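The structure appears right after this line, and notes come after that.
Predicted model only: the values in this text are computed from it and were never measured.
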Amino acid sequence: MAAALIALQRSTILLRRSVGTGVVVRCGVGREQAPLKGVVMESTLKGIREEGASVLDPKSTVGGGVEDVYGEDRATEEQFVTPWTLSVASGYTLLRNPVYNKGLGFTEKERDAHYLRGLLPPAIVSQELQEKKLMHNLRQYEVPLQRYMAMMDLQVRNERLFYKLLIDNVEELLPVVYTPTVGEACQKYGCIFRHPQGLYISLKEKGKILEVLKNWPQRTIQVIVVTDGERILGLGDLGCQGMGIPVGKLALYTALGGLRPSACLPITIDVGTNNESLLKDDFYIGLRQKRATGQEYADFLHEFMTAVKQNYGEKVLIQFEDFANHNAFELLAKYGTTHLVFNDDIQGTASVVLAGLVAALKLVGGSLTEHTFLFLGAGEAGTGIAELIALEMSKRTKTPVEECRKRIWLVDSKGLIVSSRKESLQHFKKPWAHEHEPVKDLLGAVKAIKPTVLIGSSGVGKTFTKEVVETMASCNEKPIILALSNPTSQSECTAEEAYTWTQGRAIFASGSPFDPVEFNGKIFVPGQANNAYIFPGFGLGLVISGAIRVHDDMLLAASEALAAQVTPENFEKGLIYPPFTNIRKISANIAANVAAKAYELGLASKLPRPENLVKYAESCMYTPVYRSYR
């Protein structure tokens, strides 16, 4: 018996070491393909990429799809599992392993089998009762940051209970584990740091990044969220303390999109910080030097991207998060044709906003091409949203995308972007420089352009002033106002301001959550244009199809799937997004749409294609119910 156990243990260790080692297997997806129809959203990035580069190039790819090595998928929910680490986890070690720990949830049989007698009180408590107790305790905290810290402690203590809590109470806990609370957490990350929850790759590791990646215990990584901390939400350069963003995003990948926790890897690239207050802070946890820039920065990021592909293979999704504008566009353009990359600030925000606009048309009438759009903010989010709107217009009307852009205007810190400014503009702003006399501020632009849709992505709070909003209301019966900047303190206006200043006529959504507003005896429920609607389902769709590149038609597919989930009951409340309570169903539908588009474009390597993609997406989702141990 002992010999058999040792043999089984050794074979399991070998299996775990061999899985996901980055071995590339070629399959039939790399064949020559016919030209694809439709508009490719590469115009903004085209000038940066090498000539001829495209996400559709049929180069080397890999086969396979979702491999559930550890029995974490919904499809395996009823099966018994063995709590393996390097050996069978038992006793005190088992209670300290967050993947397998169930606290007081261990049964009598499990306590005997895994040497837990005496290490736990005699009571046996169901997962549901544990969840009830924890929610009671969380609600006692008056400070949101305390709730955040309690949730992070739970995540490193009992993983399944953490995700069960988050999934079952998503509307209440989403603002705790992500925006707006995560912004304060990043600002104070040095003070509240207790447990490392990802990889920190600093300039000290230059030339050794592949070795650092191998230090991470899991080998089958499907999604990486990486930041360099230079532009955290609307809070600026937080350096190494930006790690709260990848950790929070990947928690949502699991809770909302069903990606397995073991397949997710948060990474912070530490190249220094230009934040003087952090450099002088005794509790700062990052490199104490100014940011690396130019060729040094580019070489370091290139080593990272090469190492990731070498260690985890072709199909690992790399999500860029909160990079500064000048680097975000460069990285997306440079690696979009060679890696499976996605920028949530540019592409995710664009997709969720487009979904809200498509849904809003059912309230205000008309088509996208009949509306005029004005943006405050011309950075990653603003230009990304604008381009996706133009692409959707082009797709629906068969009109050149250049013509569709003429319905969209942007205002930056120097005023309305017009053709007379073109020579001084950054490359990603130039497509939006239209013929018009110069206008110096937002109010002047609203009066001159008379937009039907006003979108804020500036990262500057209180910029949708009373006069701006009232001018919008004077031009439109139902003005669409989207104040997207995060966190709440940076929102261009509040929900109450939007409804009050428009006499209750505004169709409003924001990036961070606002409470319902009562105006003239009517309750208005503000929508939240939260990227969490899109990126978990989008990532799941890429994973289940074995996609090798991200194509912009996939973003359109995700937007259309989200807009289709808004019900007549939602519209009656003025909502242009569905409630988060249905987020897993929403994510499954988004994943199916994205996967279908990947197969249509010839970018999917999971063959044969599943017959029912929605059901397949649901079956691949991680569920956090406690498992029974042998």
Side-chain angles (χ1 to χ4, degrees), residues 35-46 54-56 346-375 381-410 431-432 434 449-455 457 476 478-480 482 484 507 509 527 529 533-534 537-538 541 550-568 570-571 575-578 586 589-590 592-601 603:
L36 296 166
K37 297 179 181 179
V39 181
V40 180
M41 180 192 167
E42 295 188 315
S43 47
T44 306
L45 307 175
K46 185 170 59 178
S54 169
V55 299
L56 294 171
I346 298 173
Q347 297 167 300
T349 302
S351 189
V352 75
V353 172
L354 176 59
L357 293 173
V358 170
L361 295 180
K362 295 182 181 179
L363 293 172
V364 299
S367 64
L368 281 176
T369 52
E370 296 175 79
H371 287 271
T372 303
F373 303 83
L374 179 64
F375 285 77
T383 55
I385 298 165
E387 185 70 1
L388 204 62
I389 292 171
L391 281 172
E392 183 70 6
M393 287 183 186
S394 177
K395 176 184 173 183
R396 294 188 178 204
T397 62
K398 311 301 180 186
T399 305
V401 69
E402 292 78 12
E403 287 297 312
C404 296
R405 290 196 189 111
K406 294 178 181 178
R407 305 287 303 177
I408 304 169
W409 299 80
L410 279 69
W432 311 102
H434 308 317
I449 303 300
K450 293 182 171 54
T452 55
V453 182
L454 179 63
I455 300 174
S457 60
N476 303 281
K478 291 183 177 180
I480 300 174
L482 306 182
L484 303 178
I507 296 170
Y533 277 115
I534 289 290
F538 187 82
V550 170
H551 188 282
D552 296 317
D553 281 358
M554 297 176 184
L555 299 171
L556 298 179
S559 296
E560 291 161 4
L562 176 57
Q565 298 298 308
V566 186
T567 66
N570 301 147
F571 286 126
L575 288 171
I576 55 175
Y577 293 101
I586 294 166
N589 279 276
I590 290 173
N593 248 32
V594 171
K597 186 58 68 173
Y599 283 107
E600 180 186 326
L601 295 172
L603 293 173

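The two atoms that bring M554 and V550 nearest to each other are SD-CA, 4.1 Å, heavy atoms only. Heavy-atom minimum distance, A390 versus C404: O-CB, 3.7 Å. Residues T397 and M393 share a closest heavy-atom pair of OG1-O, 2.7 Å. Between G384 and A350, the shortest heavy-atom distance links the atoms O-CB, 3.2 Å. In this structure, L410 and A386 approach most closely via the heavy-atom pair CD1-CB, 4.2 Å. Residues N570 and P578 share a closest heavy-atom pair of OD1-CA, 3.8 Å.
Put simply, the side chain of L368 reaches to within 4.5 Å of the side chain of F373, judged on heavy atoms. I389 has its side chain out of reach of H371: every pair of non-hydrogen atoms, C-beta onward, lies at least 4.5 Å apart. Considering only heavy atoms from C-beta on, V352 comes within 4.5 Å of Y577 through its side chain. The shortest distance between side-chain heavy atoms of K362 and I576 does not fall below 4.5 Å. A heavy-atom distance below 4.5 Å is not found between the side chains of S457 and T349. In this structure, V566 and L575 have side chains that are not in contact, with every pair of non-hydrogen atoms separated by 4.5 Å or more.
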- Step by step, work out the side-chain contact (heavy atoms from CB on, under 4.5 Å) result for S559 and L388. CA-CA 10 Å; S559 296; L388 204 62; 4.1 Å; yes

Step-by-step side-chain contact (heavy atoms from CB on, under 4.5 Å) determination, V453 to L357:
CA-CA 9 Å; V453 182; L357 293 173; 3.8 Å; yes

Point to revise | L354 and L555: CA distance, side-chain angles, deciding distance, side-chain contact (heavy atoms from CB on, under 4.5 Å) verdict | key: CA-CA 10 Å; L354 176 59; L555 299 171; over 6 Å; no

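Between the CG atom in L363 and the CD1 atom in I507 there is a gap of 4.5 Å [rounded to 0.5 Å]. Note that the CD atom of E403 and the OG1 atom of T369 stand 12.0 Å from one another [nearest 0.5 Å]. The CD1 atom of I590 lies 10.0 Å from the CZ atom of F538; values are rounded to the nearest 0.5 Å. In this structure, I385 CD1 and Q347 CD are separated by 12.5 Å, a value rounded to the nearest 0.5 Å.
No side-chain donor-acceptor contact under 3.5 Å links T372 and T452.
Relative orientation of the H434 and W409 rings is perpendicular, given thresholds of 30° and 60° on the angle between their planes.
The pair E387-R405 meets the salt-bridge criterion, with a side-chain N (NZ, NE, NH1 or NH2) lying under 4.0 Å from an Asp/Glu carboxylate O. The pair K597-E560 fails the salt-bridge criterion, with no side-chain N (NZ, NE, NH1 or NH2) lying under 4.0 Å from an Asp/Glu carboxylate O.
Side-chain atoms of Q565 never come within 3.5 Å of backbone atoms of L562 as a donor-acceptor pair (strictly under, hydrogens ignored).
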